[in-house]
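Notes to accompany the following structure.
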Amino acid sequence: MKKVTDFQAKVYEALKLIPEGRVTTYKLLGKFIDCKSSQAIGQALKKNPFAPDVPCHRVIKTDLSIGGFYGEVTGEKITDKLKILSKEGVIFEDGFLADEKQLIDLAKR
DNA sequence: CATACCGTCCAAT
DNA sequence: ATTGGACGGTATG
């Protein structure tokens, strides 16, 4: 059962707003949904009750790093996401976003 | 209802 | 640069 709260619903929407080849950070995402905590987003994404309908791989840390998606910073799933992201147009280098210009500000744009 | 846990961010050193 | 603490929300007892 999808026990999504208002908070998670916002995260879901924000994620859908991200165009292909664009990435967002937990903080930017949180700012967009008026959430003052990116921590909760990371945790909610990790649990991802709506996975894989939600492209949580498009959400990165404020460092422009992947930060770890399913609880792993270095894993085969992470590498797979990097592959998908690079296919979308987002290039990650050693787990870090190669082009910060790929960052989209949901609250701005 | 309270507590514990999760994961990230911010701040301090 | 590195480490620790704090924050917010979720989940569970």
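Treat the numbers as computed from the prediction; the structure is a model and nothing was measured. Chain letters run A, B, ... following the sequence lines, proteins first, then strands; residues in each count from 1. Hydrogens, waters and symmetry mates are skipped; everything else that's a heavy atom, side chains included, is used.
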Spell out, yes or no, whether A:V54 and A:L17 are grouped together once hydrophobic residues are joined by side-chain heavy atoms under 4.5 Å, including indirect joins. yes
Side-chain heavy atoms of A:R22 within contact of A:L103, under 4.5 Å: no
For the pair made of [atom1] in [X] and [atom2] in [N], what is the distance, rounded to whole Å?
X	N	atom1	atom2	answer
A:K31	B:dT8	NZ	C1'	18 Å
A:D63	C:dT3	CG	P	15 Å
A:K61	B:dT8	NZ	P	6 Å

Provide the full list of ring-ring contact (aromatic ring centres under 6.0 Å, His included) pairs with a residue in residues 10-31 of chain A, sequence neighbours left out, each pair given once. A:Y12-A:F50
Closest non-hydrogen atoms of A:F92 and A:V23, given as atom of the first, atom of the second and distance, are CZ-CG1, 4.4 Å
Do A:S37 side-chain atoms and A:A40 backbone N/O form a donor-acceptor pair below 3.5 Å?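 Checking the backbone N and O of A:A40 against the side chain of A:S37, no donor-acceptor pair under 3.5 Å is found.
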Is a side-chain N or O of A:T25 found less than 3.5 angstrom from the main chain of A:I60, in a donor-acceptor match?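 Not confirmed, A:T25 side chain does not pair with A:I60 backbone.
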Nucleotide of B:dT8, B:dC10, B:dC6 approaching A:K46 most closely (side-chain heavy atoms):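 Per side-chain heavy atoms of A:K46, the pick is B:dC6.
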For A:G30, answer base if it contacts any base atom (sugar-phosphate contacts may also be present), sugar-phosphate if it contacts only those atoms, and nothing otherwise; contact means non-hydrogen atoms under 4.0 Å.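 Nothing: the residue A:G30, judged by heavy atoms under 4.0 Å, touches no strand.
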Secondary structure of DNA chain B in dot-bracket form (Watson-Crick or G-U wobble, distances below 3.5 Å, | marking inter-strand pairs): |||||||||||||
N-O pairing of A:K83 and A:D80 below 4.0 Å: yes
Thinking salt bridges, do A:E88 and A:R58 make one under a 4.0 Å N-O criterion? yes
What string of B, S and - do you get for nucleotides 6-13 of chain C 5' to 3' if you count protein non-hydrogen atoms under 4.0 Å? -BBBSS--
